[in-house]
Every structure is written in C-alpha cells, then in structure tokens.
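Data block below; observations after.
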Amino acid sequence: MKNYALNPSVEYANMRELVADCSKKYAGKTAYSYRKNIKDKETVKISYKQLGEDVCALGTELIARGYTGKHVVVTGKMSYNWICSYLALISAGAVIVPLDAEWEPSDLASTAAFAECEYLFCDREMEEKASAILEQANIKEHILLNGKSTDGKERLKELIFAGGTKYEEGDNSYFENKLDPNALAIIVFTSGTTGKGKGVMLTQKMLLSNIAEGLKYIDVTEKSIALLPLHHTFGSTINVLGHLSKGAELYLSMGTRYVLKELKAEKPTHLVLVPLYLETFYRKIMANIKDKGKEAVVANMMKVSNGLRKVGIDRRRVFFKDILEAFGGKLQFVISGGAPISQELIDAFDAWGVTVINGYGITECAPLISVNRNKKQVKGSVGFVLPSDEVKIADPNDNGEGEIRVKGPNVMLGYYRDEAATADVFDEEGYFRTGDFGRLDSDGALYITGRLKNLIILSNGKNVYPEEIEKVFAAVPGVQDAIVYEGQSARGLEHNAIVLEIFPDAEYCKANGVEDMHAHMQKYIDEYNRIAVPYKKVGILKVRTEDFPKNTLRKIQRFKIDKTID
C-alpha cells in the first residue's frame, strides 16, 4: 500500500445524516431499481430524492408511534421496503434485528423473543412464520412490508403516507430526535457455520466508520446488482450503505435463479459477491467453452493477452468479449468476501478483464477488516488492513502465523445477553479474537491461513488446517465442494485419519463421463499424498449424494456434517 493514495470518503455522524446528505447530493440519480416480475422489460426506479423523502416520512411515523429505543424484527425477501425500513428504523433511533426469512418458524420466534423485540416487519407471504413470532415474542405491532392486507394489518406504505402527512404539517421530530451514534443500533445474529449464532451488537458509528474506511480503498462504479442477503452485514453494510454513500445505483435481484438474466439485462459495472457465485459463473463459462470446442483457443488467447499486458497493451475486453457479455458486457470488478477464494479463480477472471478484489471481514467487525484495491492486489492475501484498525497476530509461530486479533471503531460492543461469550472473545488488551489464523506482511497485507475452530489437532500433537487441503481438492475438475476433517469411526478407526469429503459437480461428471467418483478422485489423492507430509495425507474419501448443509451466505455449516465413517 506504500505510495498509494487513499480515496476521499465521508464518515457521517449518524444514519439520518447519511440518508439526508446523499438524497440531496444525488437527488436525480437512481438509488434502487427492481422488477416486480422477471418478464418486465422496464424496472421500477427509486431516485435518491424519493429515498430521502420515504425514509424521512417513515422515520417520522415510527417516532410518533414510540419506536425509538425499541427492538424491531425485520425479515423478508430483498426489497426496497426492506431497505427503507432498515434506514428509517436506525435513523429513528430504534434497534433493528434483521433475521433470515428462510429460518424455521421456531428459530425466528425464539430469536425474536431472545432479542426482546416488540415490533415485527415482515413480508405478507410469511404468515405461518409471523404467527410463530407473535405467539412467542412480546410483539405490540405487526407491519407488512408488501402485499395487500386481508386482516386489517397495516402496510409499510401506509406508515410512509401517515408520516409524510405529519412531516408536511410541521412535525419535525425526525430531524430533531437526538441520536447517539455509539448506542446500540442493530443486533445481527451470526449465521452459525460452527453452531448456533450469537447476537452481535453494533452501533451506527461502527457501521458508518466501516463504510468510510472501506471506501478509501475501493473505487465504486455507477451500478451494481444486490445479490447478498440483507440480514447479513456483508449485504447491508457493504451493499446498501456503501453504494448509498457513493450515489451508485443498486438493482435488487429477484433471486439466484434469475441472476444470469438480470446480469445481461442490467449490465452492472461492479458486483459484491461471495466466492460461490464466482465459482458457479466460472464453471458455466468453462463448460460453455468446452461445449464449443474452444478450450485450446481460449487458453492461447489468455497467454497472448497476458503477454501483451506486460508491455502495456490491454486487449482483454476485445479478446474475451463473449465471456464478458454473460455479465452484461460492462463488468469491471467484483468485491469478494465472506469465504476464502482461490487465487486460480482470481487469475482467471483477471485474464478475462474482470478484477476480483478479495477482502476479509467478520460480522463482529461490522464487517470489513481488510481489502485489496482496484489497481493494487497482493496475490494470496485478503488485502490491506483498514487505516482505522489495529491488527495483531497473537502467539505467532515460526512462519509468523497466529490468531488474527482486531481493535478499532468497527469492533462490536459484544454479544447480546451473553456476557460470558463476550468476555471470551476479547483479550486482556481489548483486541477482538477473530478465531482466524493468519499473518501480516511488511506492507500491511493480511493473509488468512485457516479457522482456529476448524483446526485438527492430531494425537501426535501435529496441527492441520483443513482449509489448506480443501483448497487443493476444491480445484479438482468435477468437485463442487470439499471439506476436510479428522475421522471418527464407530469401527475403531484411528483418530488421526484425515477425511476428505466432497460433493461432485453433476454437470461436469455428466459432460465428461465420470461415473465412478471414487476412482476419479483417487488419482488426485494419490498425487497429493505423494508430496504431502505424512500427517497431512488424505486417508479416507467420502463422496456425498446431497449438497453440504449451507447458510444463506452459502457457507458450509461444518457442525451439521455427519463425520462418522462406516
């Protein structure tokens, strides 16, 4: 990062100031767009001016109804009304509790009760789940985010109208309401890849500081498509607040099944994604190239293109125009986070003309900790630590690797109603223990080695980071996902056996005539074991017939995997 200037950015005092300033600064520009139906040629467009008016109106009505300081569940599909509620509730001084609409009714209800929620905003289609929440939590008011009410429930649209009328008649409570940027603003329940999630407590200051610091590194372009769930900080902080701060347009996707059509129709200039999306796109691109018999041609073009770039000639957008058209033809870069991504994938997209900006974050840090830059990526790293943050590597080994710990304005207050868990994740100097293992280089670039909770400690005392082995086999043709763990056998199998469990790529196997996945994998396992140190060799292969259990960010939930070896 040396001699690389930071981008100018603004850190707003509170959410209300962010919305008000951007609605004036970018008044005529489109803030959000969406389709009511995938067949619609034209999109509904919401201007920044309209967004500011809607948030002000809704905030006015929420204050009048006593929402300030109260805990509010918001759950439903991605929509403008969801975003409007998010911005208005925080701007009105309420505490938002965004929950995953895909959760079971009992999980939604118990979480809402645990978070002491008094109000519920949800989609009309969630009647069964809403009933469960109403039965278990102390809900005083239930507001519909969409649809027509048949049972007298109020809709968000009606609250906006009522608040707008109050504001026009002189009610200025929305702007006069005192906001403490350091007070609890949002409780985000982690997705739980290793067990039941906890309620992460974040403030407006944490969210807004994180965005301001992240934007110093990233040059946001004019349009993106929102694909990530809004109840996660990656989706809400980076997508919603980041784009709002820069006056960019955010098209709200109708869901994964429509993504390819939406990319071609909306022509985004950048995207914010988890690696799974890029992996899926990559597989489809490569399958299409193979179907056309152009594998050798494309490979040669990539070599020629990379050679030309070394002498300052960039012809990627000409050479790989057909590949880029799958993304609408205007895609410049992708911000990737939420899970590890292979360097091979980053290099492939770079060769085609799309920069992949790899970053690292965690919900407890609102979420961004480090990120690469548009024109400065350090291979193998997750980028440079934000200027506002202090990162230390605790108890480093001979390679300089240890637990990554963070201190900064974006680090959470703690876990809601869980003092013991909160105390466990802060060290004696006040640094947050991320639970991730990594190292820093001399320029401040951060490298992730693995997850401490996933660490395999063998009976001989040797440590194995499963991610190191998973990376090898995730790159094998025909493998969609790969997980590594220590074998636990009911038949008395030795405990230090390394198990590789995979889920095959059905499309690849069908196209290439792979019928016996065990036989297909064995040659790759033999090749790996030939050069691997003894304690890291794969001893057992399991082939799944069903996909791994995953959360809504498409992370594999390791704690749900049956590790018994027959």
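Along the sequence shown, the residues carry numbers beginning at 1. None of these values were measured; they are calculated from a predicted model.
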Polar side chain donor-acceptor pair, Gln332 to Thr269, under 3.5 angstrom
no
Does the side chain of Pro181 come within less than 4.5 Å of Tyr12's, by heavy atoms?
no
Side chain to side chain contact (heavy atoms under 4.5 Å, CB included) partners for Glu104, two or more places apart
Ser106, Asp107
Heavy atoms of other groups near Lys24 NZ, more than 12 under 6.0 Å:
no
For residues Trp103 and Thr75, determine if any side-chain heavy atom of one lies less than 4.5 Å from a side-chain heavy atom of the other.
no
Describe, in one word, how the ring planes of Trp82 and Tyr86 are oriented to each other, choosing from parallel (under 30°), tilted (30 to 60°) and perpendicular (over 60°).
parallel
Would Tyr32 and Glu249 count as having a side-chain donor-acceptor pair, cut-off 3.5 Å?
no
Less than 3.5 Å apart, any donor N or O on the side chain of Asp171 or Ser173 sitting next to an acceptor on the other?
yes
For Asp123, what residues pass the salt bridge (charged side-chain N to carboxylate O under 4.0 Å, His left out) criterion, not counting sequence neighbours?
Lys77
Nearest atoms (heavy-atom pairs only) where Leu228 meets Gly235
CB-CA, 4.0 Å
Donor on one side chain, acceptor on other, Asn172 and Tyr167, under 3.5 Å:
no
So which pairs with a foot in residues 404-433 pass ring-ring contact (aromatic ring centres under 6.0 Å, His included), sequence neighbours left out?
His71-Tyr416, Phe426-Phe432
